[in-house]
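Heads up: the structure comes next, in structure tokens.
In what follows, residues are counted from 1 in the order of the sequence shown.
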Amino acid sequence: PLAVATALQRMVVSEGFLQDLFTSLSVVVRGCFWGILLGLTVGIGAGGSHWVERMINPLLNALRQVPALAWFPLIALWIGIGDLAKEVVIAKSVFFPVFLNTLQGIRNVPTQYVEMAQVFGFTRAQMLRRVIFPAAAPTILVGIRFGAGLAWAMIVAAEMLSGRSGLGFLLEQSQDMLLTDHLFV
């Protein structure tokens, strides 16, 4: 533990650890943003309409079966190996837990809530804002939390594959140099 603490201090003070942390964090935030936004949008659309769900379900089920990192070579070929490729991989990883939990959360809203809102004459917008979203929020937040965890795993793996900075690059570099204390940091 003392060697790890000393390595942490040295990495923060003189080896640019905070810059690498910020690099990874910024890519994760941007990738998560797009994954969450798309997951919520598609999840709300599919949760609100069986027709939409039937139309997109075969494509999404096919895409979901391929692990996010397996897409990385193709994405890198299309858009390069920069931050955008990492953001796309993260967004793909985050999308599915958010989409599936949003869909499940909306579908599991008790029918009594919906019927009561209809009795009170709620419009569709009021129904979404005051009944559906609050009832589905816990399930949706679980998907966002799970997706955020996947995002960190994806950024580290993507940076290990193609990074020149970031936490994954530091891990790869520390492994190559047999710096166990740096690996623990």
Side-chain angles (χ1 to χ4, degrees), residues 1-45 56 59-60 62-103 105 137-185:
L2 182 60
V4 173
T6 304
L8 173 61
Q9 179 187 9
R10 187 174 56 251
M11 290 171 75
V12 168
V13 171
S14 63
E15 295 179 18
F17 176 77
L18 294 179
Q19 180 61 35
D20 286 313
L21 178 63
F22 178 74
T23 298
S24 294
L25 180 63
S26 64
V27 173
V28 165
V29 167
R30 289 190 305 268
C32 272
F33 171 78
W34 289 110
I36 291 169
L37 181 67
L38 291 171
L40 287 173
T41 303
V42 176
I44 290 167
I56 63 172
L59 174 64
L60 292 180
L63 292 175
R64 187 170 51 127
Q65 303 310 315
V66 180
L69 282 179
W71 287 100
F72 193 74
L74 187 59
I75 291 168
L77 183 65
W78 286 340
I79 59 178
I81 59 171
D83 287 349
L84 183 59
K86 296 171 195 157
E87 291 169 23
V88 170
V89 169
I90 289 169
K92 190 265 185 200
S93 298
V94 171
F95 171 82
F96 284 104
V98 173
F99 162 70
L100 292 170
N101 281 7
T102 301
L103 176 64
T139 307
I140 293 170
L141 291 174
V142 167
I144 291 172
R145 188 174 120 192
F146 184 70
L150 286 175
W152 278 107
M154 289 302 113
I155 190 62
V156 169
E159 287 173 348
M160 288 175 87
L161 290 172
S162 71
R164 296 193 189 279
S165 63
L167 297 177
F169 175 74
L170 281 180
L171 279 170
E172 188 71 23
Q173 190 177 32
S174 298
Q175 179 187 5
D176 290 346
M177 299 170 78
L178 303 174
L179 299 171
T180 307
D181 53 350
H182 284 65
L183 284 170
F184 275 104
V185 170

- [ ] Work out which heavy atom in Met154 is nearest to a heavy atom in Ser93; give both atom names and the distance.
- [x] CG-OG, 3.0 Å

TODO: Check whether any side-chain heavy atom of Trp152 sits under 4.5 Å from a side-chain heavy atom of Leu25, and report yes or no.
DONE: yes

- [ ] Could you check if a side-chain atom of Arg30 sits within less than 4.5 angstrom of a side-chain atom of Val27, using non-hydrogen atoms only?
- [x] yes

TODO: Would you mind reporting whether Glu87 and Leu84 have side-chain heavy atoms less than 4.5 Å apart?
DONE: yes

Task: Residues, nucleotides or ligands: over 12 heavy atoms within 6.0 Å of Arg10 CZ - done: yes

Task: Minimum side-chain heavy-atom gap Met11-Leu170 below 4.5 Å - done: yes

Open item on the list: So for atom CD, which belongs to Gln9, do other residues, nucleotides or ligands contribute more than 12 heavy atoms lying within a distance under 6.0 Å?
Closed with: no

Open item on the list: Quick check: closest heavy atoms across Lys92 and Pro67, and the distance to 0.1 Å?
Closed with: NZ-C, 4.2 Å

TODO: Rounded to the nearest 0.5 Å, what's the gap from CG on Asn101 to OG1 on Thr139? Could you check?
DONE: 6.5 Å

Open item on the list: So, taking the atom named CG in Leu171 and the one named CG in Asp20, what distance separates them when rounded to the nearest 0.5 Å?
Closed with: 10.5 Å

Open item on the list: Is there a side-chain contact between Leu179 and Leu183 in this structure, where contact means two heavy atoms from C-beta onward sitting under 4.5 Å apart?
Closed with: no

TODO: Apply the test side-chain contact (heavy atoms from CB on, under 4.5 Å) to residues Leu63 and Phe95: give CA-CA distance (whole Å), side-chain angles for both, the deciding distance (0.1 Å), then the verdict.
DONE: CA-CA 11 Å; Leu63 292 175; Phe95 171 82; over 6 Å; no

Open item on the list: Could you tell me if the side chain of His182 sits less than 4.5 Å from the side chain of Met177, heavy atoms only?
Closed with: no

Task: Val12 versus Leu18, closest heavy-atom pair with distance - done: CG1-CD1, 3.9 Å

Open item on the list: Between Leu167 and Ile155, is there a side-chain heavy-atom distance shorter than 4.5 Å?
Closed with: no

Open item on the list: Please evaluate residues Trp71 and Val88 with respect to the criterion side-chain contact (heavy atoms from CB on, under 4.5 Å), reporting the C-alpha separation (whole Å), side-chain torsions for both, the decisive distance (0.1 Å), and the verdict.
Closed with: CA-CA 9 Å; Trp71 287 100; Val88 170; over 6 Å; no

- [ ] Can you measure from CG (Leu103) to CG (Leu60) and round to the nearest 0.5 angstrom?
- [x] 10.0 Å

Task: Inter-residue atom distance Ser26.OG - Lys86.NZ, 0.5 Å rounding - done: 9.5 Å

- [ ] Supply the atom-to-atom distance Arg145 CZ to Leu150 CG, rounded to the nearest 0.5 angstrom.
- [x] 12.0 Å

TODO: Check Leu69 against Ala157 and note the closest heavy-atom contact, atom names and distance.
DONE: CD1-CB, 3.3 Å

Open item on the list: Could you report the tightest heavy-atom contact between Pro97 and Gly147, atom names first, then the distance?
Closed with: CG-CA, 4.1 Å

Open item on the list: Would you call the rings of Phe96 and Phe99 parallel, tilted or perpendicular, taking 30° and 60° as the class edges?
Closed with: perpendicular

Task: Candidate pair Asp176 and Gln173, rule side-chain contact (heavy atoms from CB on, under 4.5 Å), full reasoning - done: CA-CA 5 Å; Asp176 290 346; Gln173 190 177 32; 5.7 Å; no

Task: Separation of Ser24 OG from Asp83 CG (nearest 0.5 Å) - done: 9.0 Å

Task: Where Ala151 and Val94 come nearest, the two heavy atoms and their spacing - done: CB-CG2, 3.9 Å

Open item on the list: Whether the side chain of Asp181 engages the backbone of Val4 through a donor-acceptor N/O pair (distance < 3.5 Å, no angle test) should be reported.
Closed with: no

Task: Validation row: Leu100, Arg64 side chains within 4.5 angstrom (heavy atoms) - done: yes

